[in-house]
Every structure is written in C-alpha cells, then in structure tokens.
Student: 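My questions will all concern the structure given below.
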Number of protein chains: 2
Amino acid sequence: MGTKERRAREKEQLRQQILVAARELFVNEGYENISMRKIANKIEYSPTTIYLYFRDKADLLDSVCQETLLNLLNTLEQLKRDESDPVEALRKSGRTYVEFGLKYPQDYKLTFVIRPQFQKGLGLEEGSVGEKVFNYLREMVSECVQQKRFRQMDVETTGQVLWSAVHGVTLLLIDFPDFPWTEKDELIDTVIHTTIEGLKA
Amino acid sequence: MGTKERRAREKEQLRQQILVAARELFVNEGYENISMRKIANKIEYSPTTIYLYFRDKADLLDSVCQETLLNLLNTLEQLKRDESDPVEALRKSGRTYVEFGLKYPQDYKLTFVIRPQFQKGLGLEEGSVGEKVFNYLREMVSECVQQKRFRQMDVETTGQVLWSAVHGVTLLLIDFPDFPWTEKDELIDTVIHTTIEGLKA
DNA sequence: GATATAATATTAACACTGTAAAGTTAGATA
DNA sequence: TATCTAACTTTACAGTGTTAATATTATATC
C-alpha cells in the first residue's frame, strides 16, 4: 500500500518541476518579466496549479533563492578542509564567493537584492540557509582572529567588512558590465587582498 | 511674443511635477508597486499624459535616477574643498556616500541596482552624471596616489576597490535591516578605514 | 472677432498580470 | 458500485503598461 508514498513522491516531483522551470525563466528573463502563466506553460499545467505548491509568486522566488543559497554553501564548503593557512583559506573563500556570483549573476541578484525587496528582513534568520552561509564566513574569520593574524577586532565586524567588499564588487561587476573595469580577475583579487591587508594593519 | 517661452516653461513644469510625483511614489512604495495610473492620479492628469513627457515607465525611472545622481554629486562636491589631507578627504567622501545611500535607500537602490536591470549598460557612459560621480572619486584617489599615501597602484583600480567597499556595505545595510549588524556607524567607519589601510599597506 | 492650426490632454481599447473561487476529474476507499 | 478526496482546471476580477484615435484647448492668422 505504497500509494500514499508514491503520491507524495509525485507531488514533490511536480514541486521540483515548478522550481526548475521558475529558476530557468527567472534567471534568463528576470523575475519581473516572468508571469505565473509563463511558468505554467513551460511545465504544461494551468497557472493556478502553481498556487497549490507555492503561496504566491514571491514564495516561489523565495524557494528558488533557498536553493541558490544551498548551492553557494556547498560550493564554499568544498574548499574548507584543504588549507592550513587560515588567511589563505579566507582569501580563497572570498574569491569563490565572487566567482559564484558572477557565474550565476541572476541567481545572485535574485537572492541578495531582489528577494529582500519582496520579503523584508528575510533570509538570514536563525536556522536559515542564509545564516549557515554567514556562519561559514564567521568560522573562517574566527580562525584568523584566534591565530592573531588580524588586528584586534571582533569576529562579527571583521566578517561584515569582508562581506561588504565581496558583495560590493560582485554587484558592481554584474550591474555595470560596460564600465571600464580593471581586468576582472585582477579587480576581484585586489578587492580581497586590500581588505585582508586592511584587517591586518 | 514670449508665449512660446511660457509654454515651454509650463511644459517643463508639468514634467517636473511628474518627476516629483514619480520619485515620491517609487521611493515610498517601490518601483514595481507603482503604476502609471497611480502617478497620474497623484498629479491629477490622465495616465497617458505621462507618455507625452516620458517614453515609458523605465524612461521615467531613468530620469528620477539622473536626479538622484545629481543630488549625490552635489552632496559630495560640498565636501571637496575644505580638507588638506587627501586621505582624510577620501575617508569623508566614503562616509558621505554611504550616508547618502542610507538616507535615501530606495533612491539608491533604484539608481544603482534596479535601473541597471531595466536599461543595461547605463548611467556611467561618457558625459553622464554617473560618470561625473565616478570622476569625483577618481580625483580624490588620484590626490592620494600622487602624494604617495597609497601603495603603488593605478588610480582606476584603487577607485574601484573603494567603490566596491562602500557600495557593498550600503546595500547590505539597506537590504538586510534585521541582520545583527555591528552598530551601523561603527561598521561603516570600519569598512572605510579597513579599505584605506589596505590601500596603504 | 472668426477661423484655421498646432499643442496638449483624454477616452477607449488591447493584451497581459497575480490570484481567489468555483467547478471538474480521476483514483482510493468503503 | 457509490462515495470521498486530492489534484487540477476554468472562470473571473481588478489591475497593469501602452497605443491609437479622439477630443479639447490655446494660439496664430485673417
């Protein structure tokens, strides 16, 4: 009598299908250019079916962003263990963060800029994936502070300074692609290097 | 025969009226929550009248943002002359930039995040106000570099690093108001201080 | 002052949006 | 076979950006 289980599985499958379709459309054409009808079309269901799986369009966006955060977290955690120098590990994490943002620019903007607009004060609350990402950063930083590699400063602030730098350069590179930036990789490295040096000083 | 001039003046007045109404609504309720009809209502004209003054909604947004940039430029230029130490001047400019962003958070997001989404590769092209803002930064930085206050690095990159930092912290503070940030002023100062120290190192 | 002309504003309409409510259908249980 | 229930669709509503056609007004010319 596994019918119930099968049904639950099928339901979850459709949920995933919706998510996949939504992400693809959001990412390629922008959140505000995608209608529920377009998503529905893509998966060949009626538009209102989506509402059986997601409260509204913002909730759907929210779920897409959760996945992005999870994806980012996984990407970061793959680095974690194979580095003895904590400062070097932090540097690498910074690079990975920015690279992630540039590899999936629309996902990044959806998650860190657009979603906050639609659901205020979200994404970093206790137990959330967002918080886990920040915890990752906290750990990295904490290691550097403990080993006295940085000037005396509390871990929170230090982390926030670093986040500001990588968030800033990521968004600028995404949003102003035509600006005469310094060669991209060099700029990213310089931003991270400068910030880390500043934390030592 | 000043009728022509008067007419032109009246036309410009209505244009301004539209801009003022649009800004107020965009800023208070968000670009995507404001319809052309709502703007029209506010100024007591029919919705389509707006189209005699602006190509479309994105063009209207564009004009609002131009004003914001001008406003930012003026705010920055008021600082310019009364500072002998270029590094200190740069520090103050950074603070002013972030404060501007936090004082008009919706304007800031409209200008530096949302507008780029609607008209790609904009706002910093030659002769634009956006370019003038960046030129201001360039001058500040250039002074520091010339006086050998910073480590040897080209002016462009240095400016971009600084911009990344202030842009990043501004947006994080705007977008995640509920995150347990270090006390706001302290965070801003630390971001700027750290970046500048990093540029010296 | 009457009339033609140009500028300005409005009305009506189109195709599309998010989403609530009601209706339908297919499969499981009895 | 009859009933129940979960899944899905149809219909509908109020609102959207925007265009084309129309109406109104103010000016210039006679």
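What you see is a predicted model, and the numbers here were worked out from it, not measured in a lab. Note on naming: letters A, B, ... go to the chains in the order of the sequence lines (proteins, then strands), and numbering restarts at 1 for each one.
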Student: Between atom CD in Glu32(B) and atom P in dG15(D), what is the gap in whole Å?
Tutor: 19 Å

Student: Are any of the side-chain nitrogens in Glu29(A) or Lys38(A) under 4.0 Å away from the carboxylate oxygens of its partner?
Tutor: no

Student: Starting at atom CD1 of Ile39(A), determine the distance to atom P of dT19(C), rounded to an integer number of angstrom.
Tutor: 10 Å

Student: Generate the contact string for nucleotides 16-21 of chain D. Rules: B means base contact, S means sugar-phosphate contact only, - means no protein heavy atom under 4.0 Å.
Tutor: BBBB--

Student: Nearest whole angstrom, please: distance from the P of dT8(C) to the CD1 of Ile43(B).
Tutor: 15 Å

Student: According to side chain to side chain donor-acceptor pair (under 3.5 Å), who are the partners of Glu99(B), at least two apart in sequence or on a separate chain?
Tutor: Arg95(B)

Student: Applying salt bridge (Lys or Arg N to Asp or Glu O under 4.0 Å), which residue pairs with at least one partner in residues 156-171 of chain B are found, sequence neighbours left out?
Tutor: Arg138(B)-Glu156(B)

Student: Let me know the distance between CD of Gln13(B) and P of dT8(C), rounded to the nearest Å.
Tutor: 13 Å

Student: Between Arg9(A) and Glu12(A) (salt bridge meaning N to carboxylate O under 4.0 Å), is one present in this structure?
Tutor: no

Student: All N/O contacts under 3.5 Å from nucleotides 4-7 of chain D to the protein, with atom names and distances to one decimal?
Tutor:
| unit_1 | atom_1 | unit_2 | atom_2 | d |
| --- | --- | --- | --- | --- |
| dA7(D) | OP2 | Lys11(A) | NZ | 3.3 |

Student: Atom CD of Glu44(B) to atom P of dT10(C): distance rounded to whole Å?
Tutor: 11 Å

Student: State whether Arg149(A) and Asp85(A) are salt-bridged, where the test is any N-O pair (Lys NZ or Arg NE/NH1/NH2 against Asp/Glu carboxylate O) under 4.0 Å.
Tutor: yes

Student: Does Thr49(B) place a side-chain N or O at less than 4.0 Å from the phosphate oxygens OP1/OP2 of dA9(C)?
Tutor: no

Student: Could you check whether Lys200(B) pairs with Glu197(B) (Lys NZ or Arg NE/NH1/NH2 to Asp/Glu carboxylate O, under 4.0 Å)?
Tutor: yes

Student: Using the side chain to side chain contact (heavy atoms under 4.5 Å, CB included) criterion, which residues pair with Glu139(B)? Sequence neighbours excluded.
Tutor: Lys80(B)

Student: With sequence neighbours excluded, give me every salt bridge (Lys or Arg N to Asp or Glu O under 4.0 Å) pair touching residues 43-57 of chain B.
Tutor: Arg55(B)-Asp59(B)

Student: Give the rounded distance in Å between these two atoms: CZ of Phe118(A) and P of dT19(C).
Tutor: 11 Å

